[in-house]
Each structure stands twice: as structure tokens, then as C-alpha cells.
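Here's the structure we're looking at; comments come further down.
Everything numeric in this text was worked out from a predicted model, so none of it was measured.
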Amino acid sequence: MRDLRMTVADLLAIKGKRQLTMLRVETIEEAAAADAAKIDILSVPPEIMVPEFREACPSCFAIPGLEYGDFVSAEEYARAAFKALRGGGDAVWCAASLGIIRRLREEGIPVCGHVGLIPPRRTWTGGYKAVGRTLETALLVWRQTKALEEAGAFAAEIEVVASDVAGAIASRTSMFMISMGSGADCDAQYLFAEDVLGTNRGHVPRHSKVYRNFAAEFDRLQKERITAFKELVRDIQSGAYPEPRHQVSIRPSEFKAFLREIEDGPVPSRGARKTRAKPARAR
């Protein structure tokens, strides 16, 4: 029986034919919504790669991220990658050294690398800003791409690179190129769910597009929470809560027996025989 979701081979076969969709999600609920919306690829934190993930999201190609700095040696990266794949991942994102990426590939682990603006290495390209707008930086991205390709990565996220440069690179590499703010000529378009849903209260990148305002809805719900809690406090203080319907009752006869038990001592049980104390024998 054919798998519900795409494989690495499927992605590479699609390259250059049509663009796929990709989202970064943080929860199983978001993953389930992405699956229902027929999003093709998901970037996910490894923590949500539990059995419930694939129950909620059977169709999306999932790429858990091996966060840069959380691991040091190739063995640590490999161990984390195998764990992510066992949890339902289809590949791993990795921005570590080429040697580590090569080691993962040797183990048969599909790796998605990163070129252009690489957030954990942004100091080398001038911080959070576009890359590839000059000959020097465009060639830097090209060299990054070819190096990843030679190391065995099957895909690469290309972030905030001049669109013409990104398109030229995507058409000249065998890797599946995922555009985040790098134009429409790559193999997939990648956005964060927090931007799409409007939950990001910080800086919204230029390339992001907001489709809903969940932040306003969350604010409304928080106000409703506070109002509900205040009403509870008021009801308790006034005696309006609990009402009879919130309480458990006891039959009057049982309650009377209970009161006698705790006030007058034990009540003889039915059928119990009364015995007279025998007089003491004289010595």
C-alpha cells in the first residue's frame, strides 16, 4: 500500500515542475490543521514528534529541526536524527558543519540544510538582513549551496536571498530548494504559522503574509477568562455558588443517623444483642 505522504524521492521528482507549500508549526493542533489544509511540508520542533503527531497529521512531509548548538558531535546529531525519524519525521533540518551533514548522509538520514541568512550564524553575514544583493554575497550563497550538495544534503532552505539569485541557484542545483523570503522561483514556499495566523506579536518579516488575526482573538478570550473568574469570585463571596444543583445530597434519615453517630456515640447496628455485664466473682 502506498504511503499517505511524500518521500524524499517524490520531492526530488517534483523539483522544477511545481511549487510546494511549507509551514513551520509548533503544536500538534497546528499540524492537524496544516494536514487538513493539504500543506505539503512541515517544519516541526522535535518535541512534538510523538505518536499523536502522525495520528493528527498523516499526510505532511515532516522535517524536525536539529537546533544548532543543542548538539556538538556527529554522534549526538546522528542519535537525535534517528530519534526524530523514529518519531515520524521524514528528514531533519541541520545547520551544522559539512562534516556532520556528510556523516548523517552516510547513515542514510535525509538532511535539509540552510543557506543565505542562517539565523544561528547571522553574525557572519551582517545580522538579520537580506543576503545575495551584491556579487560577493550572491557568490557566497552559491558556494554554500554547492557545498551542501556535495556533502549529501537533499534539500536546503534558502532564506532572504535576492529573488533573482535564489532562482538562478535553484535551477542549477540538484537539491530541493525551499524559499523563505527568496522569491517565487524555488521549489517550495515556506512561512511560519505564527505569521500566517497573526499570533506573532513581534517583528513580522517582509516576506510573511498575515491571513488571520489570532492575537486579537486571544486577547478577547483572555478578557473573557478574567471576566469569568471575577464572576466566580463574586458568586462565592455572595453565596450564589454553590447552588443545590452543584451539590450531592444524602437522605434525611441517613443524615440524622450520621449526626447521632458523631454527637452521641455509636448507634447499635440492627440485630446486635445487648449483653449484661457479669458481676465480678468474690475472691
From CA spacing to verdict: salt bridge (charged side-chain N to carboxylate O under 4.0 Å, His left out), Asp90, Arg54: CA-CA 11 Å; Asp90 298 293; Arg54 277 306 176 193; 2.8 Å; yes

The reported gap from OG1 in Thr199 to CD in Glu26 (rounded to nearest 0.5 angstrom) is 9.0 Å

Any non-hydrogen side-chain atom of Met6 less than 4.5 Å from a side-chain atom of Leu20? yes

Should the ring pair Tyr241 and His246 be called parallel, tilted or perpendicular, given that the plane angle runs from 0 to 90° and is split at 30 and 60? tilted

Kindly say whether Val160 contributes a backbone atom to a donor-acceptor pair with the side chain of Ser182 at under 3.5 angstrom? yes

Closest non-hydrogen atoms of Leu117 and Arg122, given as atom of the first, atom of the second and distance, are CD1-CB, 3.9 Å

Set of residues satisfying side-chain hydrogen bond (donor to acceptor under 3.5 Å, both in side chains) with respect to Ser43, sequence neighbours excluded: Arg24, Tyr190

Determine whether Val50 and Ile28 satisfy the following criterion, side chain to side chain contact (heavy atoms under 4.5 Å, CB included), listing intermediate values before the conclusion. CA-CA 9 Å; Val50 295; Ile28 291 178; 3.8 Å; yes

Please assess Tyr77 against Ile109 for the test side chain to side chain contact (heavy atoms under 4.5 Å, CB included), listing each intermediate value before the final yes or no. CA-CA 11 Å; Tyr77 272 98; Ile109 298 169; over 6 Å; no

Quick check against the 3.5 Å criterion: does Lys15 have a side-chain atom that pairs as donor or acceptor with the backbone of Met175? yes

Any sub-3.5 Å donor-acceptor pair from Ser238's side-chain atoms to Asp235's backbone N or O? yes

Using a strict cut-off of less than 4.0 Å between a Lys/Arg side-chain nitrogen and an Asp/Glu carboxylate oxygen, indicate whether Glu75 and Arg103 qualify as a salt bridge. yes

What do you reckon, is CZ of Arg212 surrounded by more than 12 foreign heavy atoms closer than 6.0 Å? no

Within a strict 4.5 Å, meaning less than it, do heavy atoms of the Leu11 and Ile41 side chains meet? yes

Could you tell me whether Arg79 and Glu76 have a side-chain N and a carboxylate O separated by less than 4.0 Å? no

Residues passing the side-chain hydrogen bond (donor to acceptor under 3.5 Å, both in side chains) test with Arg220, sequence neighbours excluded, are Glu217

Residue Lys146 excluded, over 12 heavy atoms near NZ under 6.0 Å: yes

Take Phe61 and Val8 through the test side chain to side chain contact (heavy atoms under 4.5 Å, CB included) and record every step on the way to the result. CA-CA 9 Å; Phe61 187 96; Val8 167; 3.9 Å; yes

Are Ile178 and Ile158 close enough that some pair of their side-chain heavy atoms sits under 4.5 Å apart? no

If I compare all heavy atoms of Ile101 with all of Ala96, which pair ends up nearest, and what's the gap? CD1-O, 3.8 Å

Heavy-atom nearest pair, Ala81 first then Leu104, reads CB-CD2, 4.3 Å

Looking at Glu136, I'd like to know if its CD atom is crowded, meaning that more than 12 non-hydrogen atoms belonging to other residues, nucleotides or ligands lie closer than 6.0 Å. no

Compare all side-chain heavy atoms of Val44 with those of Phe53 and state whether any distance is below 4.5 angstrom. yes

Under a 4.0 Å threshold between the charged nitrogen and the carboxylate oxygen, would Asp185 count as salt-bridged to Arg172? no

Within the distance-only criterion (no hydrogens, no angle test), does the side chain of Asp35 pair as donor or acceptor with the backbone N or O of Ser59 below 3.5 angstrom? yes

What one should report as the nearest heavy-atom pair of Ala91 and Phe154 is CB-CE2, 3.6 Å

Quick one: does Gln189's side chain have a donor or acceptor within less than 3.5 Å of a partner on Gln19's backbone? no

Are Arg234 and Gln237 close enough that a side-chain donor and a side-chain acceptor fall under 3.5 Å? no

Write down the atom of His114, the atom of Leu148, and the distance for their closest heavy-atom approach. N-CD1, 3.6 Å

Within the distance-only criterion (no hydrogens, no angle test), does the side chain of Thr137 pair as donor or acceptor with the backbone N or O of Leu140 below 3.5 angstrom? no

For Ser163, the side-chain hydrogen bond (donor to acceptor under 3.5 Å, both in side chains) test, sequence neighbours excluded, returns none

Donor-acceptor under 3.5 Å (Asp10 side chain, Thr7 main chain): yes

Over all heavy atoms of both residues, which pair between Ile39 and Cys60 is shortest? Give the atoms and the distance, please. O-SG, 3.2 Å

Just wondering, are more than 12 heavy atoms of other shown residues or ligands nearer than 6.0 Å to CZ in Arg133? no

CA sep, side-chain torsions, deciding dist, call: Arg201, Asp219, side chain to side chain contact (heavy atoms under 4.5 Å, CB included): CA-CA 12 Å; Arg201 296 179 186 271; Asp219 289 342; 2.9 Å; yes

Determine whether a donor-acceptor pair (N or O, by modelled atom type, separation under 3.5 Å) exists between the side chain of Gln144 and the backbone of Gly116. yes

